[in-house]
Amino acid sequence: MATPRTLSATTLSSVITRTTRQQHVARPSLRRHLSTTSPAATKSHPPAPKLNPRTQSLAEPAYPSLSYFPPPSNDPHGRAVPAPAPHHTSLAQATTTFTSQTPRFLYSASRFLQIPVNTHTPEICLLGRSNVGKSTLINALAGADAHTARRAHGLRARGMGLAITSKTAGSTKSVNAYGFGPPTKAQRIAALERAREVARENAGSASRGARRGVVKEAPPQHRLIMVDMPGYGLGSEAEWGKEIEKYLAKRVMLKGAVVLVDAVAGLKEADRMVLEVLRDCEVRTAVVLTKVDKILRETRSERALSRLDEVCAQVWEEMRTVERGSLTWLEGAEKGWENELWVTSAGDADTNGEGVGVAGARWAMCRMAGLVEDHRMLNVLRNVPRPAPKIVSFDQLEYSTASAQRRGKPALVPSF
Ligand SMILES: Nc1nc2c(ncn2[C@@H]2O[C@H](COP(=O)(O)OP(=O)(O)OP(=O)(O)O)[C@@H](O)[C@H]2O)c(=O)[nH]1
Ligand SMILES: [Mg+2]
């Protein structure tokens with residue numbers, strides 16, 4: 001069982017209903033990297049898979065991942081660095097997790113105590129201001145066709161495992177969970193062991209009262225649970241904040257939170273306060289920028305071109321400021337924040353598919369949940385040029401001893 005996390009005086013409920021306006025200073029842009037993923041370019045890709053695309057799930061994802069690392073400290077222009085893409089098999093693994101079977105709508109809870117117990121399936125929650133695109137991203141992660149997802153509402157959407165989206169802020173009014181992929185063998189074994197433990201505890205407890213205290217849990221049905229939260233800001237209610245805060249502090253299987261930031265609007269004060277709550281609850285946090293298509297469409301405007309670079313810089317600056325208030329919520333640490341920023345346009349009406357950057361976002365979430373490994377640094381190290389081996393003449397070689405060979409030494413070694 002995970003130890004309960006502590007909360008600071010900053011409460012999410014105080015964040016709710018607050019809206020601020022911020023002034024931004026133009027910075028150098030990420031034009032070169034983004035130009036490879038403009039809406040025109042994405043239109044040439046095949047359409048994204050519909051729900052349950054069993055045959056497509058192992059194929060290389062249609063869109064590359066799109067993420068950025070902070071600029072090196074010696075870069076005079078302070079430009080964000082495009083991160084190396086994860087290996088395509090790793091991306092495919094993440095895509096399979098989300099799209100191999102139709103996602104299932106699990107529950108909708110307006111109070112923390114209504115949320116079913118989960119001790120086996122990793123959970124990732126999506127947080128962000130209302131209308132930032134949380135529900136839209138959930139649907140895109142599932143590989144749902146953007147138009148179908150936009151049209152689906154109520155029971156129809158629920159039946160398809162889709163989140164309900166709307167132009168009106170505050171459309172998601174409770175904590176909604178969606179199950180993705182089949183459970184792993186390890187999850188099933190852990191659940192069986194837990195069930196046996198519960199049975200033993202029940203057999204050992206003399207009174208019915210004690211037996212009732214033992215929590216029963218359904219066997220795991222999914223590999224990953226994504227939790228769509230109500231948004232904060234416009235159209236939200238203070239009560240939601242309190243319940244979300246309890247969830248962040250107490251949920252045992254919460255492996256990470258994704259804070260969505262509107263790439264056009266930038267990071268607002270409410271987002272900063274949410275980052276502080278995540279810091280105090282020691283929840284691993286990644287930031288995803290949404291609606292990047294709106295920036296890409298305005299490519300003629302210099303101001304628009306510099307916008308993404310500016311938002312990235314603002315987010316990193318904010319994360320570092322928030323980090324200073326803690327000794328444990330550190331950049332890159334297991335319970336800290338990720339300096340890699342994921343850029344998406346999951347709800348782009350112009351791309352008749354999943355939009356830009358969704359494959360990468362899937363991978364980032366699977367990595368936080370511990371379902372895929374990040375081999376990128378290993379690949380970088382493998383590609384580092386090594387010094388050429390020193391050439392020795394044949395006369396300078398001698399046989400190494402048998403015991404040295406057993407320890408892994410080559411049979412022939414230089415005699416000097
Ligand atoms: N252009 C564009 N529009 C988007 C994108 N993502 C979402 N939208 C639109 O933004 C609106 C709000 O999207 P939702 O997914 O409902 O936002 P939300 O964060 O779930 O909002 P709440 O439930 O109110 O908190 C919808 O009209 C979406 O179509 C995007 O990447 N690009
Ligand atoms: Mg929503």
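Counting convention: from 1, in listed order, for ligands and their atoms alike. Side-chain atoms are counted along with the backbone in the values below, which use heavy atoms only and exclude waters and symmetry mates.
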Any salt bridge between Arg367 and Asp374, counting N to O under 4.0 Å? yes
When you measure from the centre of the six-membered ring of Phe105, is the NZ or CZ of Arg158 closer than 6.0 Å and no more than 45° off the axis? yes
Should we count CZ of Arg320 as having more than 12 external heavy atoms under 6.0 Å? yes
Looking at Ser345, which atoms of ligand 1 are within less than 4.0 Å of one of its heavy atoms? 31 (O)
Looking at Lys167, which atoms of ligand 1 are within less than 4.0 Å of one of its heavy atoms? 27 (O)
Does a sphere of radius 6.0 Å around CD in Glu334 hold more than 12 heavy atoms from other residues, nucleotides or ligands, not counting ones at 6.0 Å or beyond? no
Please indicate whether Glu373 has more than 12 foreign heavy atoms, meaning atoms of other residues, nucleotides or ligands, lying under 6.0 Å from its CD. no
Using heavy atoms and a threshold below 4.0 Å, how should the contact between Thr165 and ligand 1 be classified: side chain, backbone, both, or neither? both
Identity of the nearest option to atom 16 (O) of ligand 1, non-hydrogen atoms only, from Pro230, Ser135, Ser166: Ser166
N or O contact, Asp228 vs ligand 1, cut-off under 3.5 Å: no
Do any N/O atoms on Ser130 end up under 3.5 angstrom from N/O atoms on ligand 1? no
I need the atoms of ligand 1 closer than 4.0 Å to a non-hydrogen atom of Gly231, numbered in the order shown. 25 (O)
Once you round to the nearest 0.5 Å, how far does CG of Leu267 lie from CZ of Arg129? 9.0 Å
Non-hydrogen atoms of Ala169 versus ligand 1: any pair closer than 4.0 Å? yes
For residues Glu323 and Trp329, report the shortest heavy-atom separation together with the two atoms involved. CG-O, 3.1 Å
How does Ala346 reach ligand 1, if at all, at less than 4.0 Å between non-hydrogen atoms: by side chain, backbone, both, or neither? backbone
Report, rounded to 10°, the angle at the Mg ion (ligand 2) between the two atoms OG1 (Thr172) and OG (Ser135). 100°
Run the numbers for me: atoms of ligand 1, each under 4.0 Å from some heavy atom of Asp293, listed by number. 1 (N), 2 (C), 30 (C), 31 (O), 32 (N)
Nearest 0.5 angstrom please: Arg111 CZ to Lys242 NZ, how far? 9.0 Å
Nearest 0.5 Å please: distance from the CD atom of Glu338 over to the OG atom of Ser67. 10.0 Å
Under 4.0 Å from one or more heavy atoms of Lys294, ligand 1 contributes atoms 1 (N)
N/O of Thr290 under 3.5 Å from N/O of ligand 1, yes or no? no
